[in-house]
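Scroll down for the structure; my scribbles are underneath it.
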Amino acid sequence: MNVKVRFAPSPTGSLHLGAVRTAIFNYLFAKKNNGKILVRIEDTDKERSSNESLIEILESLRWLGLDWDEGPIKQSNRLEIYKAAADKLIDEDLAYRCYMTQEEVNLLKDKAKAENKVYKYPNTWREKKENPNGRDFVIRFKTPYQTKINFNDTLRGNITIDSSTLDDFIIIKSDGFPTYNFASALDDAEMGITNIIRGEDHLSNTPKQVLIFNSIKKKLPNFTHVSMILGKDKTKLSKRHGAESINSFKEKGYLPISIINYLARLGWAYGDQEIFTLNEMISNFSLDNLSKSPAVFDSEKLSWVNNIQIKNYPNSELKERLKLEFIDGVDEELAINAVKEKNKDLNELQKSLNFCLLTNESYENELINELDNQAVSELKKFIIVWEEKKPKEIEEIKEVFTNYLNENEIKMKSLALPLRILLTGTKSSPGIFEILKILGHEIVIERIKKFIKNNEK
RNA sequence: GUCCCCAUCGUCUAGUCUGGCCUAGGACGCCGGGUUUUCAUCCCGGUAACAGGGGUUCGAAUCCCCUUGGGGACGCCA
């Protein structure tokens, strides 16, 4: 059987971590099994859906590199299909029109609340034959009485629900739009989805969808309900838990692979391995070793993963991704390597590179102005030796440097610190030998001379 | 409240299906030490868990039951 999965986001906000993780699992599963991925936009809530959200979600998916084969298909463009399907169910006496008004429903809900019960539609219109003309109606599914609803979940095994715990749920709203449970099940059936991989929060919707599948005589897909991601307080991840849209992670300097790696590893494991390439994840992925219990999101571990992934990321791609423009003559490879070792995210990495980037030639700051006369005279002496010896390779630089220190009985720190500040404008930077090599002879001399000149005025 | 799902270090997890190799392994974090010209990195060491109670068995983290705890769902939201 050819595998086909779907991402089915609803465009009511930005793409969140939970949604991304299920997208990742779908992606890995599809790629592993040479399957197809469909993107379906579940925009059946007229009020809350927006085009901005849709655009942002698709952009986030693309940014992550989670590409798809089919779609995006918008459910709002398929209204006639759902309508026709619902009418057919009415003809077959599997669904019916309900003319109960919103006010009547609210009354029942209030009453239930007052009695400390949960509202359940009392099937008022289930057997009524009248058709009040011109009144708004919804279409409800005729949930069979006293039936066991069965389905299989990859992770949780056989699940049986008694139909008495369900009510006659709405499949078409009064505005003519289908509800989630109806549209989703219908589409999954019609679009030939073989595996539904989604969050555990949908587990209790599944019986309703199974009823829909059965009523249109379609074979059930394989269900996999993945555990939820929880916040630090162990409740469902939400706005309270801080920035959680993918966009915000992008802005905070995370690599797509870091997010994919971390999120995949949250609820899935392959032995003791922590760091994966995309291909490693694909080839080792399997649905049946997903964790069944919810997982708490840990931003510190994400940050660690990001750090490692940055280190593993090819320099050329890093240069391209960050649009790095180096000053002429700079040893780019060494610069990137030196800075990769130290940084936790892309933003910091770029900042550490400022001293050798074209875009930031004004690297000077107040630190440089704070250098004292001692430093000035020290550098004056040093530059003479430096100009004369012209060391190029790291080893030569090191030799010239240490020889100079020994001959003049100067401590490493008293020369290295001012030099570092002068050359990079910051107190924290790669090693001083690396700095000298990265900038190269010409730039080093230029910067020292400029500094001396400025301080002689 | 009703229904469903789940349960190993603070967190993510390996081990559970197919009981013995588990005096429970790895990782993040934290603590301590080392390397170092700065900030980091890096290296070494340490910390810490089978929710509780009953079974089954020669033997249980692993199988069964109960309790407890956690999560989710109960919308003309998805």
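Protein chains get the first letters and strands the later ones, always in sequence-line order, with residue 1 at the start of each. Heavy atoms only: backbone and side chains are in, while hydrogens, waters and symmetry mates are out.
Ser428(A) comes within 4.0 angstrom of a nucleotide base, judged by non-hydrogen atoms across all strands. Among the atoms of the strands shown, base atoms are found under 4.0 Å from some heavy atom of Ser429(A). Residue contacts for Tyr119(A): at a heavy-atom cut-off of 4.0 Å it reaches the sugar-phosphate backbone alone, with no base atom in range. Looking at heavy-atom distances under 4.0 Å, Thr44(A) makes contact with sugar-phosphate atoms alone, never a base. If you check every strand for non-hydrogen atoms under 4.0 Å, Ser174(A) touches a base. The residue Asn205(A) sits close to a base: some heavy atom pair falls under 4.0 Å. As judged by a 4.0 angstrom heavy-atom cut-off over every strand, Leu203(A) is placed among residues touching the sugar-phosphate backbone only. Within 4.0 Å of Val296(A), counting heavy atoms only, lie sugar-phosphate atoms of the nucleic acid but no base atom. Counting any heavy atom pair closer than 4.0 Å across all strands shown, His202(A) reaches a base atom. Using a 4.0 Å heavy-atom distance criterion, Leu302(A) is classed as making no nucleic acid contact. Across all strands shown, Gly267(A) has heavy atoms under 4.0 Å from sugar-phosphate atoms exclusively, and none from any base. Base contact: Pro430(A) has a heavy atom under 4.0 Å from a base atom. Within 4.0 Å of Glu47(A), counting heavy atoms only, lies no atom of the nucleic acid at all. Lys311(A) comes within 4.0 angstrom of the backbone, heavy atoms only, and of no base.
Ranking A78(B), C6(B), G26(B) by closeness to the Arg265(A) side chain, first place goes to G26(B). Considering only the side chain of Ala269(A), U13(B) comes nearest among C5(B), A78(B), U13(B). In the set U41(B), C76(B), C4(B), C4(B) carries the atom at the smallest distance from any side-chain atom of Ile159(A). For Ser291(A), the listed nucleotide lying nearest its side chain is U13(B); candidates were C28(B), U13(B), U37(B). Ranking G71(B), A27(B), G72(B) by closeness to the Lys301(A) side chain, first place goes to A27(B). Of the candidates C39(B), C3(B), C12(B), C12(B) carries the atom nearest the Leu266(A) side chain, counting heavy atoms from C-beta on. With C76(B), G29(B), G26(B) as the candidates, the nucleotide lying closest to the side chain of Glu274(A) is G26(B). Nearest nucleotide to the side chain of Met228(A), out of C3(B), G25(B), G71(B): G71(B). Looking at the side chain of Asp45(A), the nearest of the listed nucleotides C28(B), C76(B), C77(B) is C77(B). When distances are taken from the side chain of Glu42(A) to each of A78(B), U37(B), C12(B), the shortest belongs to A78(B).
For G1(B), the base has no donor-acceptor partner in the side chain of Asn116(A) [N/O atoms by modelled type, under 3.5 angstrom]. Judged by distance alone with a 3.5 Å cut-off, no donor-acceptor contact links the side chain of Ser293(A) to the base of C6(B). Residue side chain Arg48(A) reaches the base of C77(B) through a donor-acceptor N/O pair under 3.5 Å, judged by distance alone. For Arg420(A) and U37(B), a side-chain-to-base donor-acceptor distance below 3.5 Å is present, hydrogens and geometry of angles not being considered.
In terms of phosphate contacts, Thr235(A) brings no side-chain nitrogen or oxygen within less than 4.0 Å of OP1 or OP2 of G71(B). Proximity of Lys173(A) to the phosphate of A78(B): a side-chain N or O atom is located under 4.0 Å from OP1 or OP2. The phosphate of G69(B) (OP1 or OP2) has no side-chain N or O of Lys234(A) nearer than 4.0 angstrom. A sub-4.0 Å separation between OP1 or OP2 of C76(B) and a side-chain N or O of Lys109(A) is present. Lys292(A) has no side-chain polar atom (N or O) that falls below the 4.0 Å cut-off from OP1 or OP2 of G71(B).
Base pairing of A7(B): its partner is U68(B), meeting the Watson-Crick or G-U wobble criterion (both donor-acceptor distances under 3.5 Å). Pair assignment for A78(B) gives none, since no Watson-Crick or G-U wobble pairing has each distance under 3.5 Å. G46(B): Watson-Crick or G-U partner is C30(B), with both key distances under 3.5 Å.
Nearer the 5' end of RNA chain B, as judged by each residue's closest nucleotide, is the contact made by Val118(A), out of Glu200(A) and Val118(A).
Nucleotides U36(B) and C31(B) place their P atoms 23 Å apart, quoted to the nearest Å. Rounded to whole Å, the P atom of G72(B) lies 32 Å from the corresponding atom of G54(B). Comparing the same atom, C1', in U47(B) and in C4(B) gives a spacing of 38 Å after rounding to whole Å. Comparing A61(B) with A51(B), their P atoms are spaced 10 Å from each other, to the whole Å. The same atom, P, is picked in G15(B) and in C77(B); the two are 42 Å apart, to the nearest Å. Taking the C1' atom of each, C21(B) and G29(B) are spaced 31 Å apart, rounded to whole Å. Using atom P as the reference point in both U8(B) and G52(B), the two lie 11 Å apart (nearest Å).
For Phe25(A) and Phe285(A), the ring centers sit closer than 6.0 Å to each other. Tyr262(A) and Phe297(A) have their aromatic ring centers within a separation under 6.0 angstrom. Aromatic rings from Tyr99(A) and Trp125(A) are positioned such that their centres are separated by under 6.0 Å.
Between the side chains of Ser14(A) and Asn247(A), no donor-acceptor pair is found at a separation under 3.5 Å. In the model, Asn181(A) has a side-chain atom that pairs as donor or acceptor with a side-chain atom of Gln209(A) under 3.5 Å. No hydrogens or angles considered: nothing links the side chains of His225(A) and Arg156(A) as a donor-acceptor pair under 3.5 Å. Residues Lys4(A) and Asn195(A) bring no donor and acceptor atom of their side chains to less than 3.5 Å of each other.
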Inset, instruction - Test side chain to side chain contact (heavy atoms under 4.5 Å, CB included) on Thr426(A) and Arg420(A) and set out the steps. - result: CA-CA 7 Å; Thr426(A) 155; Arg420(A) 163 175 294 113; 6.0 Å; no
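Between Asp167(A) and Lys120(A) there is no salt bridge, since no side-chain N of the basic residue sits under 4.0 Å from a carboxylate O of the acidic one.
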